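Below is one structure, written out as structure tokens; comments come after it.
Starting from 1, each residue takes its place in the sequence as its number. Worth saying up front: this structure is predicted, and the values here are computed from it rather than measured.
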Amino acid sequence: MTGSGQTTSDGVTAHSRTARILHWGFILVFIYALTKQLDEVEELEDFSLLQYEMVFAALFLLLLLGRFVFMQLTRPSAMPSDTPKQTRFLARSVHLAMYVSLALIPITGLFIGGMYWSGTKSGNAMEAALLLHEIAVNTSYFLILGHVAAAIYHRRKGDGIWSAMVPVWKEAKRD
């Protein structure tokens, strides 16, 4: 199964294997990015590190864009058809906000790296880029925490949403 998922008896559409690999694979890439993050912008003085960071940021952005396009073109919502419109809107808004905040991290990182590469290591533009980068990182943490909390809520609710994307620890179906 590589396209859209199969609908279960409780009306939930399970995500495809490809969608699950993209989801969980991206989580691993994000965790890797967090473990190798810079402590100080001055570390970019090392030209090989600057190059590595720029290439990694570009690949991160391409992977995120590819995941977004794939999910938009192939996946139906995992939510049952009787899900209230407000709940669907909230879920869609959080997902889109996660994509935006996660995209802003490498975009601002590339801007910071580009300025550093060109010799601009301080000033208002650098300060603004660093601030926007920090806001994007913190916003992504907040949204990911909300996403995980919603997933746990659906696991406890037993409505099939958890099992649509999580390959382990399947939820018990509740009436």
Side-chain angles (χ1 to χ4, degrees), residues 2 14-72 74-75 78 91-156 161-171:
T2 58
H15 287 288
S16 68
R17 180 176 292 128
T18 303
R20 291 180 195 186
I21 289 169
L22 287 172
H23 181 265
W24 293 101
F26 191 82
I27 290 170
L28 294 176
V29 170
F30 186 68
I31 290 170
Y32 171 74
L34 293 177
T35 63
K36 60 156 235 42
Q37 67 186 336
L38 301 178
D39 293 323
E40 300 293 331
V41 72
E42 290 78 20
E43 292 177 52
L44 295 176
E45 290 286 342
D46 177 350
F47 185 71
S48 62
L49 179 62
L50 174 60
Q51 283 181 310
Y52 176 82
E53 290 293 325
M54 298 283 282
V55 168
F56 183 81
L59 292 174
F60 184 94
L61 190 56
L62 285 173
L63 179 61
L64 182 65
L65 179 63
R67 182 181 187 274
F68 178 77
V69 169
F70 176 83
M71 295 302 284
Q72 292 303 304
T74 65
R75 67 129 184 100
R92 182 81 174 132
S93 297
V94 168
H95 279 94
L96 287 174
M98 277 195 300
Y99 277 110
V100 169
S101 67
L102 288 169
L104 281 174
I105 295 169
I107 289 169
T108 55
L110 287 167
F111 189 69
I112 292 164
M115 284 193 299
Y116 223 85
W117 193 354
S118 70
T120 305
K121 299 176 183 176
S122 62
N124 290 339
M126 180 62 83
E127 292 300 319
L130 289 168
L131 178 61
L132 186 55
H133 188 74
E134 185 176 339
I135 290 169
V137 169
N138 289 328
T139 300
S140 71
Y141 292 160
F142 175 73
L143 292 167
I144 290 167
L145 181 63
H147 182 69
V148 169
I152 292 168
Y153 166 78
H154 285 288
R155 169 98 177 60
R156 292 189 57 143
I161 301 293
W162 172 279
S163 294
M165 187 53 97
V166 180
V168 295
W169 195 33
K170 295 295 182 186
E171 60 194 319

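Separation of atoms CD1 (Ile112) and CG (Leu44) is listed at 8.0 Å; rounding is to 0.5 Å. Rounded to the nearest 0.5 Å, atoms CG (Asp46) and CD (Gln51) are 9.5 Å apart. Rounding to the nearest 0.5 Å gives a distance of 12.5 Å between CG of Leu59 and CG of Leu64. Remark: Ile135 CD1 to Ser140 OG distance equals 12.0 Å, nearest 0.5 Å. The CG atom of Leu131 sits 8.5 Å away from the CD atom of Glu127 when rounded to the nearest 0.5 Å.
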Going through the distances and angles, do Tyr32 and Leu28 end up as a side chain to side chain contact (heavy atoms under 4.5 Å, CB included)?
-> CA-CA 6 Å; Tyr32 171 74; Leu28 294 176; over 6 Å; no

Please report the C-alpha distance between Phe47 and Tyr116 in whole Å, then the side-chain angles of each, then the deciding distance to 0.1 Å, and finally whether the ring pair (Phe, Tyr, Trp, His ring centres under 6.0 Å) criterion is met.
-> CA-CA 10 Å; Phe47 185 71; Tyr116 223 85; over 10 Å; no

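Listed for the His133 side chain is no donor-acceptor partner under 3.5 Å among the backbone atoms of Ala129. Judged by distance alone, the side chain of Glu43 and the main-chain N or O of Glu40 form a donor-acceptor pair under 3.5 Å.
With respect to Phe26, the ring pair (Phe, Tyr, Trp, His ring centres under 6.0 Å) criterion is satisfied by exactly one of Phe70, Phe68, Phe60: Phe60.
Around OH of Tyr153, the count of heavy atoms belonging to other residues, nucleotides or ligands within 6.0 Å does not exceed 12. With a 6.0 Å radius and a threshold of 12 heavy atoms from other residues, nucleotides or ligands, Phe142 has its CZ atom at or below the threshold.
Counting heavy atoms from C-beta outward, Phe56 and Val29 have side chains that approach closer than 4.5 Å. Inter-residue side-chain proximity for Leu130 and Glu134 is flagged as unmet; no heavy-atom pair is nearer than 4.5 Å. At least one side-chain heavy atom of Ile144 sits under 4.5 Å from a side-chain heavy atom of Phe30. By the 4.5 Å heavy-atom criterion applied to side chains, Lys121 and Glu45 are counted as neighbours. Taking 4.5 Å as the limit, every side-chain heavy atom of Thr139 sits out of range of all side-chain heavy atoms of Leu104.
Between Ala57 and Pro106, the shortest heavy-atom distance links the atoms O-CB, 3.3 Å. Pairing each heavy atom of Leu143 with each of Met98, the nearest pair is CB-CG, 3.5 Å.
Between Lys36 and Glu53 there is a salt bridge, since a side-chain N of the basic residue sits under 4.0 Å from a carboxylate O of the acidic one.
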